[in-house]
Amino acid sequence: QVELVQSGGGLVQAGGSLRLSCAPSGFRFTDYAMGWYRRSLGERRELVARITADGRTYYEDSVRGRFTISRDNYKKMVTLQMNSLKPEDTAVYFCGTGDQRYWGPGTQVTVSS
């Protein structure tokens, strides 16, 4: 049974930091690129950051330099470190495979101004 357990998120003031974690199970972790996606109110879900199995990363323009995605293939975990958060980063954040086959339940991130 596939499961992506997410943790982290919450409420933070602008300029603050949050860390999201994702612990997938039920599939071969090293076969998949992993990503963090977000959906703001009224918007479509978008890719925020992606990391391949061998550690190559991609960032959406608005988060590059502020967010860092990482993975631990031994512990089977993916994290998103979010620094210098802005109100426009407010969204529900989802952990997912790079091919969008498997998804976590989402976690709310709210950045107050």
Side-chain angles (χ1 to χ4, degrees):
Q1 181 180 352
V2 173
E3 188 174 22
L4 285 74
V5 177
Q6 295 185 215
S7 59
L11 173 65
V12 67
Q13 288 188 331
S17 297
L18 286 172
R19 185 179 180 89
L20 304 180
S21 295
C22 175
S25 61
F27 61 94
R28 188 174 293 184
F29 184 62
T30 51
D31 282 353
Y32 288 84
M34 296 297 298
W36 286 97
Y37 305 75
R38 67 186 179 189
R39 184 176 64 222
S40 304
L41 191 63
E43 301 291 331
R44 299 178 65 177
R45 184 159 49 191
E46 64 173 356
L47 176 65
V48 174
R50 183 178 185 270
I51 186 166
T52 63
D54 61 355
R56 288 172 289 149
T57 57
Y58 162 85
Y59 297 95
E60 193 270 329
D61 285 347
S62 69
V63 308
R64 188 174 294 116
R66 300 188 296 122
F67 291 11
T68 302
I69 188 171
S70 60
R71 67 188 289 162
D72 186 324
N73 287 337
Y74 181 74
K75 295 181 178 179
K76 296 182 182 179
M77 184 166 288
V78 184
T79 60
L80 184 70
Q81 178 67 41
M82 304 183 292
N83 299 328
S84 303
L85 281 160
K86 304 175 181 181
E88 51 264 43
D89 295 318
T90 295
V92 177
Y93 283 71
F94 299 86
C95 172
T97 52
D99 62 0
Q100 304 186 39
R101 180 176 183 180
Y102 302 122
W103 293 103
T107 187
Q108 179 69 44
V109 170
T110 302
V111 185
S112 63
S113 57

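Values in this document were obtained by computation on a predicted structure and should not be read as measured data.
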Could you pull out the closest heavy-atom pair between [X] and [Y], with the gap in Å?
X: T30; Y: A53; value: O-CB, 3.3 Å
X: R101; Y: T97; value: N-OG1, 3.0 Å
X: V48; Y: V63; value: O-CG2, 3.6 Å
X: A23; Y: M77; value: CB-CE, 4.2 Å
X: S113; Y: A14; value: CA-CB, 4.4 Å
X: D72; Y: K75; value: OD1-N, 2.9 Å

Would a distance-only check, ignoring hydrogens and angles, find a side-chain to backbone donor-acceptor pair under 3.5 Å from [X] to [Y]?
X: T107; Y: G8; value: yes
X: R44; Y: S40; value: no
X: Q6; Y: C95; value: yes
X: Y59; Y: I69; value: yes
X: R50; Y: Y37; value: no

* Kindly determine whether V109 and M82 satisfy side-chain contact (heavy atoms from CB on, under 4.5 Å), including the steps that lead there. => CA-CA 10 Å; V109 170; M82 304 183 292; 3.9 Å; yes
* Would you kindly check if the NZ (Lys) or CZ (Arg) of R45 is within the cone defined by 45 degrees around the ring axis of F94 and under 6.0 Å from the six-membered ring centre? => yes
* Establish, yes or no, whether a centroid distance under 6.0 Å links the rings of Y102 and F27. => yes
* In this structure, which one of S7, S70, S21 forms a side-chain hydrogen bond (donor to acceptor under 3.5 Å, both in side chains) with T79? -> S70
* Sequence neighbours left out, what passes side-chain hydrogen bond (donor to acceptor under 3.5 Å, both in side chains) with S17? Give chain and number order. => N83
* With sequence neighbours excluded, tell me which residues meet salt bridge (charged side-chain N to carboxylate O under 4.0 Å, His left out) with R38. => E46, D89
* Please walk me through it: do T68 and L80 pass side-chain contact (heavy atoms from CB on, under 4.5 Å)? -> CA-CA 6 Å; T68 302; L80 184 70; over 6 Å; no
* Distance-only polar pair, side chains of Q108 and T110, donor-acceptor under 3.5 Å -> yes
* ring-ring contact (aromatic ring centres under 6.0 Å, His included) between W36 and F67, intermediate numbers included -> CA-CA 11 Å; W36 286 97; F67 291 11; over 10 Å; no
* Apply side-chain contact (heavy atoms from CB on, under 4.5 Å) to the pair F29 and M34, showing each step before the final yes or no. => CA-CA 9 Å; F29 184 62; M34 296 297 298; 3.6 Å; yes
